[in-house]
2 protein chains.
Amino acid sequence: MKLNTKSRYAVMALADMSKFSRKKPISLRDISLRQSISLLYLEQIFLKLKKNNLVKSTRGTNGGYVLIKDPNEIKLSEIFLALDEKVKTLGCNKESKKGCNGKFTKCITHNLWDELESHINTFFENKKLSDLIKINQNRI
Amino acid sequence: MKLNTKSRYAVMALADMSKFSRKKPISLRDISLRQSISLLYLEQIFLKLKKNNLVKSTRGTNGGYVLIKDPNEIKLSEIFLALDEKVKTLGCNKESKKGCNGKFTKCITHNLWDELESHINTFFENKKLSDLIKINQNRI
DNA sequence: TATATACCCGACTAAAATAGTCAAGTATTG
DNA sequence: CAATACTTGACTATTTTAGTCGGGTATATA
Ligand code: FES
Ligand code: FES
């Protein structure tokens, strides 16, 4: 079980924004330098964040991105959702009638994985962007 | 975030064993048929389970594997450990002094991912093989 | 003791996912 | 008009996953 870089960078970048400016647009170049994340990769990530109304953009000189909501109103689950990033512990398709074994009964471990999925999602649901600024006063 | 098949199959197979026999060796062929898991893949998985003392084997006709411990004494975390399967949410190497950014300070999200990792590991730590038999009386 | 069963082990591979890069833009400011 | 900075889609190298393959060895039973 591994968390991908896209999700990690997204949270990292948004945390960076929360910490620095809430009014003046922040350029991806600055975030890229501060957090050591590839600029081109950040661009890709921010397009998704924008499409999902987590940030808004200003073009041109002194342009950049600004958070739309307050950090204490942004749940991590929203960020993951914006990136199409899902927790997937089940072997079967949740929607499908068929189990991971191809049969029409769900397998012996189905409930377990479902429980695990909820367990993880709960974490993302209860964590807000503001939470990780508080704990990290001392970090950039 | 995705759970791999190896871990899923391992738990599935051990659950199958818990449910069927506790004394007579169960052949991988039987598990393979019941749970629709590739026999060759199961062999690979069981070699690891054996090396980590979760099961013991008997060769030859009527041979197979037997659980070493009682299902209510086998934690899921042990199974995952046996397969070298780790939850990895951090961008950095936990041991290394360097952060995921290559710098000597841990990044702004480090604590968060660490917390998430613990959150997930707690789940595996608290679940036992016997737990998923109870909930699944009706399933094969 | 031959034969079938079933575990043992390392190496290999096709396919998918990841972690980006690249090219070619458009909009805004100074 | 030059520089900055967002926009977009396509492309690619690398890694990981999810297995397979080939050739064993040990044991029970006929
Ligand atoms: S995980 Fe859903 S049927 Fe196996
Ligand atoms: S995750 Fe550990 S430093 Fe970023």
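Lettering follows sequence order; numbering is per chain, from 1.
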(request) Take atom NZ of B:Lys56 as the centre, draw a 6.0 Å sphere, and report whether it contains more than 12 heavy atoms from other residues, nucleotides or ligands. (result) no
(request) Report the distance from atom NZ of A:Lys88 to atom C1' of C:dT18, rounded to the nearest whole Å. (result) 17 Å
(request) Please report, rounded to the nearest Å, how far the P atom of C:dC7 is from the CG atom of B:Leu39. (result) 8 Å
(message) To check you understand the geometry: which heavy-atom pair defines the closest contact between A:Ile133 and A:Ala15, and what is its length?
(response) CD1-O, 3.6 Å
(request) Can you sort out the partners of B:Arg22 under salt bridge (charged side-chain N to carboxylate O under 4.0 Å, His left out), two or more places apart, ordered by chain and number? (result) B:Asp70
(request) Provide, to the nearest angstrom, the distance between the CG atom belonging to B:Asn52 and the C1' atom belonging to C:dC8. (result) 16 Å
(request) Would you name the heavy atoms of A:Asn101 and B:Ser36 that are closest together and state the gap between them? (result) O-OG, 3.7 Å
May I have the list of side-chain donor-acceptor pairs in residues 85-96 of chain A shorter than 3.5 Å, sequence neighbours left out?
residue	atom	partner	partner atom	Å
A:Glu85	OE1	A:Asn4	ND2	2.8
A:Glu85	OE2	A:Asn4	ND2	3.4
A:Glu85	OE2	B:Met1	N	2.9
A:Thr89	OG1	A:Trp113	O	2.7
A:Thr89	OG1	A:Glu117	OE1	3.0
A:Asn93	OD1	A:Glu95	N	2.9
A:Lys94	NZ	A:Asp114	OD1	3.2
A:Ser96	OG	A:Lys98	N	2.9

(request) Rounded off to whole Å, could you give me the NZ-to-P distance for the A:Lys86 and C:dT18 pair? (result) 12 Å
(request) Search all heavy atoms of A:Arg34 against all heavy atoms of A:Ile26 and return the closest pair with its distance. (result) NH2-CG2, 3.6 Å
(message) Go nucleotide by nucleotide along DNA chain C from the 5' end; which of B:Leu28 and A:Asn4 gets its closest nucleotide reached first?
(response) B:Leu28
(message) What range of DNA chain D does chain B touch, first nucleotide to last, counting atoms under 4.0 Å from its heavy atoms?
(response) D:dA18 to D:dT29
Which atoms of nucleotides 14-16 of chain C (N or O only) lie under 3.5 Å from a protein N or O atom, and what are those distances?
none

(request) Rounded off to whole Å, could you give me the CD1-to-P distance for the B:Ile45 and C:dC9 pair? (result) 16 Å
(request) Find which nucleotide of DNA chain D each of A:Lys50 and B:Tyr41 is nearest to by heavy atoms, and output the residue with the more 5' nucleotide. (result) A:Lys50
(message) If I take atom CD in residue A:Glu85 and atom P in nucleotide C:dA17, what distance separates them, rounded to the nearest angstrom?
(response) 12 Å
(request) Using a 4.0 Å heavy-atom cut-off across all strands, classify B:Tyr65 as base, sugar-phosphate, or nothing. (result) sugar-phosphate
(request) May I have the distance from B:Leu49 (atom CG) to C:dA6 (atom C1'), rounded to whole angstrom? (result) 17 Å
(message) Measuring from atom SG of A:Cys107 to atom CD1 of B:Ile37, what distance do you get when rounded to the nearest 0.5 angstrom?
(response) 8.5 Å
Residues 40-49 of chain A, side-chain donor-acceptor partners within the protein, below 3.5 Å, at least two apart:
residue	atom	partner	partner atom	Å
A:Tyr41	OH	A:Thr5	OG1	3.2
A:Gln44	OE1	A:Lys6	NZ	3.0
A:Lys48	NZ	A:Asp84	OD2	2.9

(message) One character per nucleotide, please: for nucleotides 22-30 of chain C, 5' to 3', B when the base has a protein heavy atom closer than 4.0 Å, S when only the sugar-phosphate does, - otherwise.
(response) B---BBBBS
(request) Give the rounded distance in Å between these two atoms: CG of B:Leu42 and C1' of C:dC9. (result) 16 Å
(message) Using only atom types and a distance under 3.5 Å, with no angle test, would you say the side chain of B:Ser27 pairs donor to acceptor with the backbone of B:Asp30?
(response) yes
(request) Without swapping roles, check the side chain of B:Ser57 against the backbone of B:Gly64 for a donor-acceptor pair under 3.5 Å. (result) no
(message) Does any part of the side chain of B:Phe124, heavy atoms only, come nearer than 4.5 Å to the side chain of B:Ile79, both counted from C-beta?
(response) no
